[in-house]
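Predicted, not measured: the structure shown is a model, and the values here were computed from it.
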Amino acid sequence: MVSTQATTRSWTPGDRPPGPSALDGGGPLLWSVRPWGPDASAPTLPVVLDEEERRRAAAFRRPEDRAMYTASHTALRVLLGGVLEVPPARVTLVRLACPGCGALHGRPAVAGPVGERVHFSLSHTDGLAVVALAARPVGVDVERPPPARTAADVASSLHPAEQAELAGMTAAERPAAFARCWTRKEAYLKGTGEGLTGDALGGAYLGTGPSPAAPPVGWTLTDVEVPAGFVAACAVAVPG
């Protein structure tokens, strides 16, 4: 199943979170998150993020990267807390088994049985994050179009038909087209839990054009409407 575009709503500190019935329609629900400014409610950070998240935030050398990580992970916890009806700091997150090797570095999930009905994905890049919640496994990715040289270097990892499409474009067209394809691939592979080592990176054709190609059986795939200068996509498992 293919739907060509989904929209996000902007999330800021203090926004009312979704309630427990928010995912009754299956989802996905999508939010865009910007780094906090100097007047944002950063003092709530120790109460919301867990110890590992605070350690990761502190490890960023660039203040803007630390701010993006802090804002996006706080948003994720607040949104999940609303759906689960628990305080954000009490949301317990785990890693599922990797479908490729079985190690616990697969798709992130809510711990316990509730994780079977509330799924999430988070992606952040320089200046913007996207959070997705759904009633089924979901993956989301957001990127800035890369420099033309980077797009050319990495294109060889894509499906042969996608490589051919990129090769037929002008240098000016290629970065945005590559970014569209890459976010579709990463969203799908995050949804399955395979990550970028999955076979779909080069084996599945998802397209470089303005609309995604048909995704693998059992999944929907949408491009996501985000602010200018960014590209995003979301993949969701279909029921059954």
Side-chain angles (χ1 to χ4, degrees), residues 3-12 28-37 40 56-57 59-76 79 108 120-132 138-159 162-163 165-191 194-198 200-202 204 206-213 215 221-235:
S3 176
T4 57
Q5 190 142 78
T7 59
T8 62
R9 63 195 78 182
S10 178
W11 183 89
T12 57
L29 301 179
L30 297 156
W31 288 264
S32 61
V33 184
R34 293 283 196 175
W36 291 338
R56 287 177 177 270
F60 285 103
R61 294 185 177 182
R62 297 172 63 215
E64 52 267 43
D65 293 336
R66 189 179 310 120
M68 185 73 267
Y69 180 94
T70 299
S72 60
H73 283 257
T74 297
L76 173 65
L79 295 168
F120 71 88
S121 185
L122 166 64
S123 177
H124 53 79
T125 188
D126 183 18
L128 185 73
V130 176
V131 177
V138 60
V140 72
D141 188 52
V142 61
E143 306 281 350
R144 286 186 182 272
R149 182 62 187 175
T150 301
D153 289 344
V154 183
S156 61
S157 63
L158 301 177
H159 187 280
E162 293 161 345
Q163 295 181 44
E165 291 173 2
L166 292 171
M169 297 178 185
T170 67
E173 295 171 326
R174 200 169 294 127
F178 171 85
R180 287 193 296 264
C181 184
W182 188 265
T183 57
R184 294 164 188 167
K185 299 273 187 172
E186 191 157 351
Y188 169 67
L189 289 168
K190 288 172 73 173
E194 297 172 79
L196 291 179
T197 60
L201 186 59
L206 300 182
T208 65
S211 299
L221 180 64
T222 63
D223 289 341
V224 176
E225 185 178 343
V226 286
F230 299 92
V231 179
C234 181

Next item on the list: Enter the distance from Thr208:OG1 to His159:NE2 here, rounded to the nearest 0.5 Å.
Entry: 12.0 Å
Item checked: Pairwise side-chain contact, Ser123 with Glu186, heavy-atom cut-off 4.5 Å (strictly under) -> no
Margin query: Would you say CZ of Arg62 has more than 12 non-hydrogen atoms from neighbouring residues, nucleotides or ligands within 6.0 angstrom?
Written below: yes
Check: When Pro212 is tested against each of Thr183, Leu206, Asp223 for side chain to side chain contact (heavy atoms under 4.5 Å, CB included), which residue passes?
Finding: Asp223
Item checked: Closest heavy-atom pair and its distance - Ser121, Lys190 -> OG-CE, 3.8 Å
Next item on the list: Kindly say whether Gly127 contributes a backbone atom to a donor-acceptor pair with the side chain of Arg34 at under 3.5 angstrom?
Entry: yes
Check: Going by heavy atoms in the side chains, are Glu165 and Leu158 under 4.5 Å from each other?
Finding: no
Checklist line | Interatomic distance, Phe230 atom CZ to Arg144 atom CZ [nearest 0.5 angstrom] | finding: 3.5 Å
Notebook entry, point to check: What are the two closest heavy atoms between Leu30 and Cys234, and how far apart are they?
Noted result: CD2-SG, 4.1 Å
Item checked: Validation row: Trp11, Val131 side chains within 4.5 angstrom (heavy atoms) -> no
Next item on the list: Return yes if some donor-acceptor pair links the side-chain N/O of Glu143 with the main-chain N/O of Val231 below 3.5 Å, else return no.
Entry: no
Notebook entry, point to check: Okay, side chain of Lys185, backbone of Gly202: is any donor-acceptor separation there less than 3.5 Å?
Noted result: no
Notebook entry, point to check: Between Arg184 (side chain) and Gly207 (backbone), is there a donor-acceptor pair under 3.5 Å?
Noted result: yes
Notebook entry, point to check: If you look at every heavy atom in Ala129 and Met68, which pair is closest and at what distance?
Noted result: CB-CE, 3.6 Å
Item checked: Heavy atoms of other groups near Arg56 CZ, more than 12 under 6.0 Å -> no
Checklist line | Taking every non-hydrogen atom, the tightest pair across Pro145 and Ala179 | finding: CA-CB, 3.9 Å
Next item on the list: Check whether any side-chain heavy atom of Trp182 lies under 4.5 Å from a side-chain heavy atom of Asp141, and answer yes or no.
Entry: yes
Check: Which atom names give the shortest non-hydrogen contact between Glu225 and Thr7, and what distance separates them?
Finding: OE1-CG2, 3.4 Å
Next item on the list: Start with the C-alpha distance between Val142 and Val224, add both sets of side-chain angles, then the distance that settles side chain to side chain contact (heavy atoms under 4.5 Å, CB included), and finish with yes or no.
Entry: CA-CA 9 Å; Val142 61; Val224 176; over 6 Å; no
Check: How are the rings of Tyr69 and Phe60 set relative to one another: parallel (under 30°), tilted (30 to 60°) or perpendicular (over 60°)?
Finding: tilted
Item checked: Heavy-atom pair with the smallest gap, counting every atom of His124 and Ser72 -> CD2-OG, 3.5 Å
Note to self: Could you tell me if the side chain of Val226 sits less than 4.5 Å from the side chain of Ser32, heavy atoms only?
What the structure shows: no
Could you list the donor-acceptor pairs under 3.5 angstrom formed between side-chain atoms of residues 167-176 and any protein atom two or more places apart in sequence or on another chain?
from, atom 1, to, atom 2, distance (Å)
Thr170, OG1, Glu173, N, 3.2
Thr170, OG1, Glu173, OE1, 3.4
Glu173, OE1, Thr170, N, 3.0
Arg174, NE, Leu166, O, 2.9
Arg174, NH2, Met169, O, 2.6

Checklist line | Spatial distance of atom OG1 (Thr74) from atom CG (Leu79) [nearest 0.5 Å] | finding: 10.5 Å
